[in-house]
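Below, all heavy atoms of this structure are taken into account, side chains as well, without hydrogens, waters or symmetry copies.
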Amino acid sequence: DVKVTQSSRYLVKRTGEKVFLECVQDMDHENMFWYRQDPGLGLRLIYFSYDVKMKEKGDIPEGYSVSREKKERFSLILESASTNQTSMYLCASRPPGSGEQYFGPGTRLTVT
Amino acid sequence: EDKVVQSPLSLVVHEGDTVTLNCSYEVTNFRSLLWYKQEKKAPTFLFMLTSSGIEKKSGRLSSILDKKELFSILNITATQTGDSAIYLCAVGSGNTGKLIFGQGTTLQVKP
């Protein structure tokens, strides 16, 4: 079974803090993705990576950066958290040649 | 601009009812259309459709794709309270594996 884990289920941070969200997958997938999910807006792609040290911007990258130093780990960084980044963050990975993505349980981030 | 639109956005039915969820899309370089179910945790995969007119079925759930009219439907027959969830439609575009998601349909099944 594919397993995608995220470091925290719930996180509360203050405005201006630097926030790290970690995602780890155990199936040697090359492609990994970070989404945020907001009511009425569905999932929106922030960044994705198709290999170690490779990254591409998604649809809403502003205010975020990512790091992929090892194949199994994809980190999302909020350089200076703001209240409009309060959201559910979902990580996913995809095996090569497959359309399907496997999701982690999500991190619900609240920025106060 | 690529977009995926789901309807209705929310739906309340009673156990035993049949529901149809809709997903229309305008996406360049279409590869596949996927349906996911999301309860209070990670979205779980239901179906992936790549060819028009071929129904995919799993128990009480079924789905079909129309690539000419650019839409898909997800049917759930004899609904149960355990079907209550958000149903997500996503379209795969290009070679990168990117998925473009719709807003989701929130289904509530009452006993």
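In this structure, the portion of Leu41(A) lying under 4.5 Å from any heavy atom of chain B is its backbone and not its side chain. Contact annotation for Leu88(B): only side-chain heavy atoms (C-beta onward) come within less than 4.5 Å of a heavy atom of chain A. With a 4.5 Å cut-off on non-hydrogen atoms, Gln37(A) touches chain B through its side chain but not through its backbone. Within the 4.5 angstrom heavy-atom criterion, only side-chain atoms of Phe33(A), from C-beta onward, approach chain B. In this structure, the portion of Lys40(B) lying under 4.5 Å from any heavy atom of chain A is its backbone and not its side chain.
Cluster membership for Val27(B) and Leu65(B), using ILVMFWY side-chain heavy atoms within less than 4.5 angstrom, is shared. Taken together through direct or relayed side-chain contacts under 4.5 Å among Ile, Leu, Val, Met, Phe, Trp and Tyr, Trp35(B) and Leu43(A) form parts of separate hydrophobic clusters. Residues Tyr102(A) and Tyr50(A) fall into different hydrophobic clusters, defined by Ile, Leu, Val, Met, Phe, Trp and Tyr side chains chained together at heavy-atom separations under 4.5 Å. Hydrophobic clustering places Ile60(A) together with Trp34(A) (ILVMFWY residues linked when any side-chain heavy atoms are closer than 4.5 Å, directly or through intermediates). Linking Ile, Leu, Val, Met, Phe, Trp and Tyr whenever their side-chain heavy atoms come within less than 4.5 Å puts Leu70(B) and Val4(B) in one cluster.
The aromatic ring centres of Phe101(B) and Tyr35(A) sit less than 6.0 Å apart. Taking the six-membered ring for Trp and the full ring otherwise, Phe103(A) and Phe45(B) have centroids separated by 6.0 Å or more.
Tyr36(B) approaches Gln101(A) most closely through the heavy-atom pair OH-O, 2.7 Å. Closest approach of Gly99(A) to Leu34(B), counting heavy atoms only: O-CD2, 3.6 Å. Between Ala42(B) and Gly104(A), the shortest heavy-atom distance links the atoms CB-O, 2.9 Å.
How far CD of Gln38(B) is from CG of Leu90(A): 6.0 Å, rounded to the nearest 0.5 Å. One distance of note links CG of Asp59(A) with CG of Asp2(B); it measures 8.5 Å at 0.5 Å rounding.
Chain B forms more heavy-atom pairs under 4.5 Å with one residue of Gly40(A), Pro105(A), Pro96(A) than with any other, namely Pro105(A). In terms of heavy-atom pairs under 4.5 Å with chain A, the best-connected choice from Met48(B), Gln6(B), Lys41(B) is Met48(B). Interface check for chain A: of the options Ile86(B), Leu9(B), Thr44(B), Leu99(B), the most heavy-atom pairs under 4.5 Å are formed by Leu99(B).
The neighbour count for Arg44(A) CZ, taken as heavy atoms of other residues, nucleotides or ligands under 6.0 Å away, is above 12. Glu26(B) CD: 12 or fewer foreign heavy atoms inside a 6.0 Å radius.
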